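Have a look at the structure below before the remarks.
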Amino acid sequence: MSIRINFNNSFSRLPELFYRRKSPQGLNKPQLISFNAAAAALIGLDATAVDDKDFVDLFCGNGLPPEADPLAMVYSGHQFGIYVSQLGDGRAILLGEAVNAAGEKWDIQLKGAGFTPFSRMADGRAVLRSCIREYLCSEAMHGLGIPTTRALCIIGSEDPVYREEIETAAVMTRLSPSHVRFGSFEYFYYTKQPDAVRQLADYVIAQHFSVWQTRDDRYQKLFDQVVERTALMIAHWQAVGFSHGVMNTDNMSILGLTLDYGPFGFMEEYDPGYVCNHSDVEGRYAFNRQPMIGLFNLNCLAHAFTPLLKVEQLKTSLQQYEPLYFQYYEGLMRKKLGFSTAMEDDDRLIADLLELLHANRVDYSIFFRQLSGVATADKSHPIDELFHDQEGFYQWLRRYQARLSIESLAQQERAESMNRVNPKYILRNYLAHQAIESARRGNYEEIDRLLKILTMPFDEHVEFNHYAESSPSWGKDLQVSCSS
Ligand code: AMP
Ligand code: MG
């Protein structure tokens with residue numbers, strides 16, 4: 001094997017309690033669908049690695065280097081509010097952990113690499129469609145500055161996979177500093193293995209927060225950190241209009257990374273009740289419930305941490321979630337509005353704007369992107385075309401302009417800073433859909449094109465202006481479900 005990855009497999013050095021060793025199943029006649037050079041650099045590979053004759057075989061699981069130590073991780077979790085005692089990697093194989101030249105550790109995981117002991121009744125596969133969605137979205141989120149797992153490549157095949165219709169199998173390589181989930185801790189708590197809960201916490205601390213290793217309060221520090229990172233991650237989601245879709249505790253990263261992209265969606269017309277997952281009939285994971293579900297999930301994790309911390313300590317830490325969330329969210333929203341200072345009434349101004357966007361069914365991202373063009377002295381502005389209630393809009397705009405006038409930045413500078421936080425391009429469902437449809441016909445260019453645009457979502461890319469517009473009517477009601 002000529003591809004050199006510097007493996008240091010810390011997770012597989014833990015006792016077998018935490019995983020089952022399992023080799024990936026691989027694909028027949030594998031074919032490269034897309035390669036992301038930016039992610040390759042994270043594991044010490046350069047852009048030419050993809051040309052290596054072994055690349056495709058390695059990243060679909062057909063041929064592993066001897067230093068890999070493939071395994072499926074054990075976890076459980078609360079799914080739609082109900083505890084499910086045994087989940088685990090049913091279709092993902094952790095090949096091992098790569099250490100790059102900067103000393104950073106990255107898990108290399110093949111998603112869709114076949115049966116594992118946790119596959120239950122399912123096939124261990126991922127379809128090309130869902131691989132493309134996760135691949136594009138995780139890189140888009142990274143481009144937006146939102147904590148997330150990363151995506152290295154997609155390898156496709158002709159192997160049939162049975163979902164609502166027959167699709168083809170693919171493998172997506174996911175990179176993450178860690179794949180430990182809230183549900184990883186829950187599994188050991190509910191199976192009454194408090195020593196394993198401690199061991200897992202010690203492992204996470206050793207790997208990611210080693211400065212705390214010798215502190216007596218290390219578990220408290222860890223739990224506080226998870227609370228804080230979760231609040232920050234969800235604040236980012238709310239500010240950008242992202243809906244995860246399946247916020248089960250098995251999909252919650254212990255490092256506060258957006259993890260397990262399934263039926264996610266970027267909101268287009270602002271609607272707080274937006275439910276992106278067609279299977280979520282009760283709207284448990286509706287957009288405006290995400291911050292609250294974050295707290296629910298942290299509560300689940302707190303239970304699992306009771307072997308390590310007193311209930312009072314956990315409660316105190318959980319109480320930090322809400323203020324932290326609002327602090328982060330308001331901070332992000334102020335930046336979107338071009339405010340560099342905080343004023344007491346900002347929350348009112350933001351809430352009234354959201355109400356107006358909702359009532360007028362305004363495209364959330366388009367509005368914020370255009371807002372940077374509004375000057376304090378403007379009597380009118382073409383942005384008003386987004387609203388049918390013009391009077392309501394101008395009432396809000398006057399308040400906004402008055403608020404802007406106490407900011408010190410000149411119009412030009414403010415516009416630039418707003419354009420660095422308000423993306424021109426988001427992964428609209430129909431864009432992913434088009435890339436998927438082309439890929440099914442054997443054309444992968446659209447994936448690469450989107451990857452390029454979405455990883456630099458704040459840039460103009462004028463030749464792709466049409467990708468920044470709201471979805472065509474056929475693309476507004478595309479339904480996405482859990483089946484992936
Ligand atoms: P998800 O909703 O994708 O986060 O998956 C929830 C659980 O179902 C996890 O334990 C997955 O590993 C498992 N799972 C999902 N799809 C499959 C599949 N096609 N084959 C085996 N296990 C799966
Ligand atoms: Mg999952």
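Side chains are part of it too, since the values below use all heavy atoms of this structure and drop only hydrogens, waters and symmetry mates. The structure presented is a predicted model; accordingly, all values stated were derived computationally and were not measured. Atoms within each ligand, like the ligands themselves, are counted from 1 in listed order.
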Flag N251 as yes if one of its N/O/S atoms falls below 2.8 Å of the Mg ion (ligand 2), otherwise no. yes

Look at D260 and state whether any of its N, O or S atoms is less than 2.8 Å from the Mg ion (ligand 2). yes

Distance (rounded to the nearest 0.5 Å) between Y75 OH and F118 CZ: 9.0 Å

Atom pair CG (L42) and CG (L152), whose distance is rounded to the nearest 0.5 Å: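 Those atoms lie 8.5 Å apart.
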
Nearest to [atom], what protein heavy atom do you find, and at what distance?
{"atom": "atom 10 (O) of ligand 1", "answer": "G88 O, 2.7 Å"}
{"atom": "atom 3 (O) of ligand 1", "answer": "R91 NH2, 3.5 Å"}
{"atom": "atom 21 (C) of ligand 1", "answer": "G90 O, 3.1 Å"}
{"atom": "atom 5 (O) of ligand 1", "answer": "D250 OD2, 4.7 Å"}

Which segment of [X] sits under 4.0 Å of ligand 1 when only heavy atoms are counted:
{"X": "N251", "result": "side chain"}
{"X": "F118", "result": "neither"}
{"X": "Q86", "result": "neither"}
{"X": "Q79", "result": "side chain"}

Below 4.0 angstrom, N of the basic side chain to O of the carboxylate: do [X] and [Y] qualify?
{"X": "R440", "Y": "E167", "value": "yes"}
{"X": "E134", "Y": "K111", "value": "yes"}
{"X": "R215", "Y": "D217", "value": "yes"}

Close approach, [X] and ligand 1, non-hydrogen under 4.0 angstrom:
{"X": "Y75", "value": "yes"}
{"X": "D260", "value": "yes"}
{"X": "G262", "value": "no"}

Element-labelled atoms of ligand 1 that are located less than 4.0 Å from some non-hydrogen atom of R163: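 Checking each atom against R163, I get 19 (N).
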
Atom indices of ligand 1 within 4.0 angstrom of R120 heavy atoms, with elements: 7 (C), 8 (O), 10 (O), 13 (C)

Mind checking whether [X] has an N or O less than 3.5 Å away from an N or O of ligand 1?
{"X": "D123", "answer": "yes"}
{"X": "V246", "answer": "no"}
{"X": "L87", "answer": "no"}
{"X": "A122", "answer": "no"}

Tell me yes or no: between the side chains of S438 and N443, is some donor less than 3.5 Å from an acceptor? no

Over 60° means perpendicular and under 30° means parallel, so classify the ring planes of F287 and Y270, tilted if in between.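 Answer is perpendicular, since the angle exceeds 60°.
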
Using a 6.0 Å distance limit plus a 45 degree cone around the ring axis, check whether R284 lies over the aromatic ring of F296.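 Satisfied, under 6.0 Å and within 45°.
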
Can you give me the closest heavy-atom contact between P147 and H236, atom names plus distance?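 In terms of heavy atoms, the two residues are closest at CD-CD2, 3.9 Å.
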
What closest approach, in Å, do K336 and P423 show between heavy atoms, and which atom pair accounts for it?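 Scanning both residues, the minimum pair turns out to be NZ-CD, 4.4 Å.
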
Would you say the ring centers of F185 and F305 fall short of 6.0 Å from each other? yes

Determine if the distance from atom 19 (N) of ligand 1 to the closest protein heavy atom is below 4.0 Å. yes

Do Y321 and I234 touch side chain to side chain, with heavy atoms closer than 4.5 Å?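 They are in contact (side-chain heavy atoms under 4.5 Å apart), so the answer is yes.
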
